[in-house]
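Below you'll find the structure, written out as structure tokens, and then a few comments.
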Amino acid sequence: MASPKRDNARAARILVDAALFGDRKACETHKITDRTLRNYRAALDADTELSALYAQLSSLVTTQTWAGELNSTLTTLIRKLGGMTQELPGSTAENIGAVTGAIKVLSEIAITREVLGQGVSDAGDGQPDQSNPEAGSTDPTA
């Protein structure tokens with residue numbers, strides 16, 4: 001009797017979960033055996049559809065996770081930095097240097113985000129990214 005056709009979309013999801021959370025957790029979550037997981041891994045080399053689905057899903061999951069963490073962390077740090085610079089007393093050389101350094105760091109972050117691509121547009125909170133001109137506001141402290 002021939003074995004049933006593998007559900008490649010499900011297999012790709014399980015393989016991504018195994019990469020992110022470990023084999024044991026993926027097997028428990030998806031109610032499969034360790035042997036089935038090993039079979040899915042072995043099929044990655046021979047099955048171009050499974051391989052493509054895995055690559056696409058892996059990239060999507062990694063990008064979403066990274067983008068959400070990046071945006072929320074940057075927003076927190078930008079607000080913290082803004083508060084710190086406002087609390088600096090006077091215009092001493094040290095304070096001017098601190099503010100200049102902060103501006104440099106923020107500029108480098110902005111350039112890095114632009115180089116990496118505009119695909120990073122959601123902080124994971126369901127709201128448009130504040131730095132996205134299409135969202136209406138370019139003020140990251142708004």
Side-chain angles (χ1 to χ4, degrees), residues 1-88 91-142:
M1 180 171 150
S3 61
K5 179 159 172 47
R6 177 182 54 247
D7 179 352
N8 279 342
R10 181 174 185 264
R13 175 78 243 176
I14 292 168
L15 288 166
V16 168
D17 284 355
L20 291 172
F21 308 114
D23 291 3
R24 178 176 288 152
K25 179 72 173 160
C27 289
E28 288 172 4
T29 300
H30 296 281
K31 297 179 181 17
I32 62 167
T33 65
D34 183 52
R35 180 70 197 152
T36 300
L37 182 59
R38 288 194 310 262
N39 288 341
Y40 289 167
R41 280 200 182 104
L44 278 173
D45 293 330
D47 188 332
T48 56
E49 179 192 32
L50 176 59
S51 180
L53 286 169
Y54 173 76
Q56 181 182 20
L57 186 58
S58 178
S59 175
L60 179 66
V61 168
T62 303
T63 301
Q64 285 177 340
T65 302
W66 174 83
E69 290 174 8
L70 174 69
N71 282 332
S72 63
T73 301
L74 285 178
T75 299
T76 300
L77 292 174
I78 288 168
R79 288 184 178 143
K80 177 76 171 168
L81 185 58
M84 290 170 66
T85 56
Q86 288 175 358
E87 292 174 8
L88 291 174
S91 297
T92 66
E94 183 179 326
N95 291 344
I96 292 171
V99 172
T100 303
I103 291 169
K104 180 181 177 191
V105 168
L106 293 174
S107 299
E108 290 171 356
I109 290 170
I111 290 168
T112 302
R113 290 183 70 176
E114 189 172 322
V115 169
L116 291 175
Q118 297 297 325
V120 180
S121 63
D122 188 340
D125 59 4
Q127 301 298 316
D129 184 18
Q130 297 297 326
S131 65
N132 183 349
E134 295 174 3
S137 172
T138 58
D139 180 6
T141 61

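None of the values given here were measured: they were computed from a predicted structure. Heavy atoms only: backbone and side chains are in, while hydrogens, waters and symmetry mates are out.
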Is it true that, when you exclude Arg38 itself, more than 12 heavy atoms of the residues, nucleotides or ligands shown sit nearer than 6.0 Å to its CZ? yes
Got a sec, which residues hit side chain to side chain contact (heavy atoms under 4.5 Å, CB included) with Thr33, two or more places apart in sequence or on another chain? Arg35, Thr36
Ignoring hydrogens, what is the shortest heavy-atom contact between Asp47 and Asn8? Give both atom names and the distance. OD2-ND2, 3.1 Å
Quick one: list whatever passes salt bridge (Lys or Arg N to Asp or Glu O under 4.0 Å) with Asp7, sequence neighbours left out. none
Quick one: side chains of residues 10-23, donor-acceptor pairs under 3.5 Å with protein atoms, not counting sequence neighbours, listed by atom name and distance.
unit_1, atom_1, unit_2, atom_2, d
Arg10, NH2, His30, O, 2.7
Arg13, NE, Asp17, OD1, 3.2
Arg13, NH2, Asp17, OD1, 2.5
Asp17, OD2, His30, NE2, 2.6
Asp23, OD1, Arg41, NH2, 2.5
Asp23, OD2, Arg41, NH1, 3.1

Rounded to the nearest 0.5 Å, how far apart are CG of Asn39 and CG of Asp34? 9.5 Å
